[in-house]
Amino acid sequence: MSENSLTGSTIQAPAQLLAALRQLLPADAIVDQPEDLYPYECDGLSAYRALPMLVLLPDSVDQIKQIMRLCHQHQVPVIARGAGTGLSGGALPSPDAILLSLARLNSILAIDPLNRTARVQPGVRNLAISEAVSQYGLYYAPDPSSQIACTIGGNVAENSGGVHCLKYGLTVHNIQQLTLITAAGEELTIGGRGLDAPGYDLLALLTGSEGMLGIIVDITVKLLPKPEDIRVLLASFDSITACGASVSQIIAAGIIPAGLEMMDQLAIEAAEAFVHAGYPADAAALLLCELDGTTSELDQQVEQLHQLLMQAGATEVRIAKNSQERELFWKGRKAAFPAVGRLSPDYYCMDGTIPRHQLPAVLQGISDLSREYDLAVANVFHAGDGNLHPLILYDANNPGELERTEEMGGRILELCIEAGGTITGEHGVGIEKINQMCVQFNEHELTQFHAIKSAFDPHGLLNPGKAVPTLHRCAEFGAMHVHHGHTPHPELERF
Amino acid sequence: MNTKIADQDLGASLAEQVGVAAAERRPLAITAGNSKAFMGHPVDADTLDISGHSGVISYQPDELVVTVRAGTTVAELQQLLIEHNQHLPFDPPHYDGRATIGGTIGCNASGPSRPYLGAARDFVLGVTLINGLGQTCRFGGEVMKNVAGYDVSRLMAGAMGTLGVLLDISLKVLPKPGFEQTRILKMPDAASALQWLGQQSGALPLTAACYTNQALYLRLSGSKAGVSQAAQYSGGESSASDSFWEQLREQQLGFFNDPRPLWRLSVAAMTGTDTDIPGDILYDWGGAQRWFLSDASAADIRTWAGRHGGHASCLRNRPTDVSVHQSLAPGLQTLHRSLQQSFDPHHILNPGRLYPESEHKQP
């Protein structure tokens with residue numbers, strides 16, 4: 001952590017490179033004064049900060065190509081950044097690298113309502129796509145909670161999800177074509193206008209590649225027809241285990257909800273105190289279930305689901321009567337993160353995914369860790385797809401508390417791996433979870449990742465040091481690794 | 001669980017065979033059911049037979065995930081899933097029961113439901129593979145959401161074994177819809193059918209749409225109430241049998257019984273139907289996959305597909321001088337070679353299967 005803390009100094013860009021960039025870009029597209037660089041010192045993971053060498057704000061694909069060629073020629077690394085809402089430090093700057101902001105490429109280039117696609121630039125905000133195509137009765141399905149601010153370029157880089165993943169998939173399932181500028185400044189079209197493309201599925205490989213393989217400058221997204229009708233049910237439980245079990249019963253009954261969200265007691269209390277959504281504040285767990293489809297289909301499904309939830313031990317089931325109430329039910333869940341933020345000066349959001357049946361065991365493990373580290377945890381869970389967001393409450397002003405939080409977070413991720421899951425469901429590895437990659441993947445697998453990276457970027461100029469740890473780093477991490485609560489030498493005193 | 005699938009783990013032995021072949025720089029032709037040989041070029045090499053590596057490693061219906069060995073047949077797996085009211089939504093072809101899951105993922109083979117429910121690649125959650133050095137690696141996992149590391153598992157879909165030998169595959173499965181109904185709407189021509197689909201299909205619970213013989217075939221899936229409501233909306237007549245979709249998936253409709261080369265055109269669904277290239281077309285995937293019987297030159301057909309942002313593959317009765325898949329742009333070709341080399345540095349896995357060796361040589 002401390003090695004990544006803010007350093008005020010940056011490395012000067014090579015004079016020749018800077019001169020060429022000044023020729024290429026207007027003055028306001030180059031940010032190089034230290035005081036102007038500070039807004040870029042971090043992304044959504046603000047515990048990690050660094051100043052970039054300089055920030056470039058191109059507004060055309062051609063400029064980006066030229067920038068990449070120049071950086072390639074001068075062997076200067078490039079870190080791409082969208083809106084900077086990422087939660088894993090994927091867009092964390094580095095003093096020896098240029099930060100390439102894609103914010104000015106923010107046009108919706110074309111909407112094709114019949115083929116149900118839209119071609120957009122990477123700096124377009126996620127929600128802006130759905131707003132622009134709404135007039136055709138269409139929407140863009142992936143909806144990360146930051147959708148007001150996050151950009152589609154960043155969504156592709158992280159393979160972002162949202163609350164509707166179980167039914168509608170992740171970013172990778174909802175894009176069709178990309179334009180990629182390689183590390184050497186070459187333009188490539190990936191995917192196509194049809195449903196597949198010849199050769200390897202580079203569309204899949206690039207989605208979620210965290211800016212390591214190329215700069216994405218143009219994206220064709222798939223659009224879906226808006227459902228005829230939407231219903232939302234809110235079920236309260238007096239035990240989190242019963243709530244978790246009800247999720248399995250819903251799936252087993254053949255129902256695939258559009259959204260299925262779970263919150264634990266602390267998260268419910270925080271949300272209720274913040275937005276007054278009418279949540280039962282004494283419930284141990286709450287399940288929010290959204291169904292979509294045709295009206296006649298939903299009438300039947302809501303009835304079936306209501307009965308099922310009662311049989312599963314729900315203490316209360318409410319069905320939203322209208323769209324206002326539906327929005328109110330959702331409001332508490334959507335405000336859960338800031339609501340938890342009010343309980344504590346800082347919170348740290350984790351992102352593991354587990355097989356759903358492991359939920360009780362993993363929650364018990366988190367609760368044990370919470371006691372061990374004396375740090376409270378609120379749990380918010382994308383229950384349908386197994387993606388767990390424990391929020392660890394801490395105070396960065398207390399010396400050593402951030403370090404303890406990070407250590408506890410690391411152990412939560414290792415719990416997820418042990419349960420047959422993964423360290424990151426939708427936030428990405430970035431810099432945050434790079435050590436846990438050493439636990440999830442072995443030497444051959446990590447070597448394969450590096451070989452893929454080299455195929456795209458042989459000089460390692462794109463987002464260096466992120467997403468995939470070096471074997472050397474893993475060796476060091478392994479030596480320090482605390483496994484099952486035991487350090488390698490428990491007899492030694494540690495301070 | 002009534003269906004019994006022979007369970008046999010040949011992973012270690014297969015990895016050893018690949019390791020030895022790598023050391024000897026000896027290429028391998030990966031095969032199991034050999035049902036999809038026509039989807040690529042023949043590989044002149046020693047056979048690496050995967051068919052014995054079969055069985056279900058884990059299946060928990062309420063997790064919506066199944067993990068199977070690559071040699072398990074599609075027919076066996078679908079049978080097991082149906083017993084739990086679930087299915088592989090991408091509905092891959094069975095090819096007389098010979099098609100295996102490994103081959104299905106290797107070829108990214110998807111059936112008529114593909115535009116509405118997703119392709120084979122969309123349901124891949126994780127794979128265990130043997131790379132070209134004989135090393136066994138695992139990527140992805142058994143959960144729906146997983147962004148740790150590059151998405152190597154989905155990259156395997158359609159790679160035809162040239163990036164790795166697939167051993168075990170985790171797939172997302174879904175509940176099988178309670179009701180299905182096929183509607184047949186008479187339409188004078190393909191243009192009217194596509195126009196109708198473009199304007200109306202958003203309101204329907206469609207899981208397949210095909211135009212052939214002056215008729216638009218629609219498959220509606222969902223609850224009984226939802227399907228009846230949709231059937232009223234769509235109009236047309238209800239079909240007496242659902243076998244149309246299976247015959248389409250298996251390429252057993254009368255249309256496919258023809259001596260001319262069979263082309264697969266993958267284009268945007270609403271691409272125009274006017275073409276001066278002579279031949280007969282069947283429109284599947286709501287227009288996004290077009291089966292084209294034609295003696296016209298490969299260049300003409302591929303230029304047409306390319307002009308519409310798509311591509312053309314020649315899958316049956318292929319003239320010897322025509323390659324199966326459309327060539328890649330030069331920059332992409334170079335990238336493909338580097339990527340292939342990163343998995344298989346000695347170039348021993350299915351060499352020439354995806355693109356003929358002449359296209360693989362360094363420029």
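Treat the numbers as computed from the prediction; the structure is a model and nothing was measured.
- For chain B, no part of A:K433 is nearby; none of its heavy atoms comes within less than 4.5 Å.
- At a 4.5 Å heavy-atom cutoff, the contact between A:I256 and chain B is made by side-chain atoms alone.
- The closest donor-acceptor contact from the side chain of A:T424 to the backbone of B:V147 lies at 3.5 Å or more, if one exists at all.
- Contacts with chain A were tallied for B:G226, B:C137, B:G310; B:C137 has the most, counting heavy-atom pairs under 4.5 Å.
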Using the rule given for side-chain contact (heavy atoms from CB on, under 4.5 Å), can you reason through B:S201 versus A:R116, listing the C-alpha separation, both sets of side-chain angles and the distance that settles it, and then say yes or no?
CA-CA 11 Å; B:S201 65; A:R116 296 193 197 125; 2.8 Å; yes

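- Taking OG from A:S296 and NZ from B:K224, the interatomic distance works out to 13.0 Å, rounded to the nearest 0.5 Å.
- Of the two parts of B:K172, only the side chain, counted from C-beta on, holds a non-hydrogen atom closer than 4.5 Å to a non-hydrogen atom of chain A.
- The main-chain N or O of A:H444 is never found under 3.5 Å from a side-chain atom of B:Q135 such that the two would form a donor-acceptor pair.
- Under a 3.5 Å cut-off, the side chain of B:R138 and the backbone N or O of A:F441 do not form any donor-acceptor pair.
- Checked by atom type and distance alone, the side chain of A:N115 pairs as donor or acceptor with a backbone atom of B:M270 at under 3.5 Å.
- Looking only at heavy-atom pairs under 4.5 Å with chain B, the residue among A:G161, A:A467, A:A197 that has the most is A:A197.
- Of the atoms belonging to B:L197, it is backbone heavy atoms, and not side-chain ones, that fall under 4.5 Å from chain A.
- Neither the backbone nor the side chain of A:E187 comes within contact range of chain B; no heavy atoms are under 4.5 Å apart.
- Put simply, of A:M437, A:Q249, A:K226, A:E210, the one with the most heavy-atom pairs under 4.5 Å next to chain B is A:M437.
- At a 4.5 Å heavy-atom cutoff, the contact between B:A148 and chain A is made by backbone and side-chain atoms alike.
- Note that OG1 of B:T128 is 8.5 Å distant from CD of A:E445, once rounded to the nearest 0.5 Å.
- In this structure, a donor-acceptor pair under 3.5 Å is present between the side chains of A:D196 and B:H311.
- The part of A:I190 that comes within reach of chain B is its side chain, from C-beta onward, which places non-hydrogen atoms under 4.5 angstrom from that chain.
- When A:L180, A:L224, A:L213, A:V247 are compared by the number of non-hydrogen pairs under 4.5 Å with chain B, A:L213 comes out ahead.
- You'll find the side chain of A:L202 reaches within 4.5 Å of the side chain of B:L339, heavy atoms only.
- Contact between B:V143 and A:T422 at its shortest, heavy atoms only, is CG2-CG2, 3.8 Å.
- Put simply, CG on A:L114 and CD on B:Q195 are 8.0 Å apart, with the number rounded to the nearest 0.5 Å.
- Residue A:P198 touches chain B through both its backbone and its side chain, counting heavy-atom pairs closer than 4.5 Å.
- Neither the backbone nor the side chain of B:R290 comes within contact range of chain A, judged by heavy atoms closer than 4.5 Å.
- Heavy atoms only, all atoms of each residue included: B:K145 and A:T353 are closest at O-OG1, 3.1 Å.
- Neither the backbone nor the side chain of B:P177 comes within contact range of chain A; no heavy atoms are under 4.5 Å apart.
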Does the pair B:R121 and A:V172 meet the rule for a side-chain contact (heavy atoms from CB on, under 4.5 Å), with working shown?
CA-CA 10 Å; B:R121 62 87 97 160; A:V172 70; 4.0 Å; yes

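- Counting heavy-atom pairs closer than 4.5 Å to chain A, the top-ranked of the candidates B:A288, B:P61, B:G149 is B:G149.
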Could you go step by step and tell me if A:Q448 and B:L163 meet the side-chain contact (heavy atoms from CB on, under 4.5 Å) rule?
CA-CA 11 Å; A:Q448 184 63 66; B:L163 299 180; over 6 Å; no

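- The CG atom of A:L166 lies 6.5 Å from the CG atom of B:L64; values are rounded to the nearest 0.5 Å.
- For A:H427, the part lying under 4.5 angstrom from a heavy atom of chain B is the backbone only.
- Of the listed residues (B:S223, B:A225, B:S338, B:G198), the greatest number of heavy-atom pairs within a distance under 4.5 Å of chain A belongs to B:S223.
- Among A:G169, A:S209, A:P227, the residue with the largest count of heavy-atom pairs under 4.5 Å with chain B is A:S209.
- With a 4.5 angstrom heavy-atom cutoff, A:T189 touches chain B only via backbone atoms.
- Here the side chains of A:L188 and B:L335 are in contact, with some heavy-atom distance below 4.5 Å.
- Two residues are said to be in side-chain contact when any heavy atoms from C-beta on lie closer than 4.5 Å; B:E142 and A:I354 fail this criterion.
- Neither side chain, B:S266 nor A:R193, offers a donor N or O lying under 3.5 Å from an acceptor on the other.
- A parallel orientation is assigned to the rings of A:Y200 and B:H336, their planes being inclined by less than 30° (bins at 30° and 60°).
- Put simply, of B:S342, B:A119, B:A203, B:P345, the one with the most heavy-atom pairs under 4.5 Å next to chain A is B:S342.
- Atoms OH and CG, on B:Y150 and A:L205 in that order, are 8.0 Å from each other to the nearest 0.5 Å.
- A:D201 has no carboxylate O lying under 4.0 Å from a charged side-chain N of B:R154, or vice versa, which leaves the two without a salt bridge.
- Note that the CG atom of A:L195 and the CZ atom of B:R114 stand 4.5 Å from one another [nearest 0.5 Å].
- Looking at B:D122, both its backbone and its side chain come within 4.5 Å of chain A, counting heavy atoms on both sides.
- Heavy atoms closer than 4.5 Å to chain A are found in the side chain of B:Q60, but not in its backbone.
- Among the candidates A:P458, A:G137, A:C165, A:P113, the residue making the largest number of heavy-atom pairs closer than 4.5 Å to chain B is A:C165.
- Heavy atoms of A:E426 lying under 4.5 Å from chain B belong to its backbone as well as its side chain.
- By number of non-hydrogen pairs under 4.5 angstrom with chain B, the leading residue of A:G254, A:A253, A:G192, A:G191 is A:G254.
- Checked by atom type and distance alone, the side chain of B:E63 pairs as donor or acceptor with a backbone atom of A:H357 at under 3.5 Å.
- Heavy-atom distances place the side chain of B:L354, and not its backbone, under 4.5 Å from chain A.
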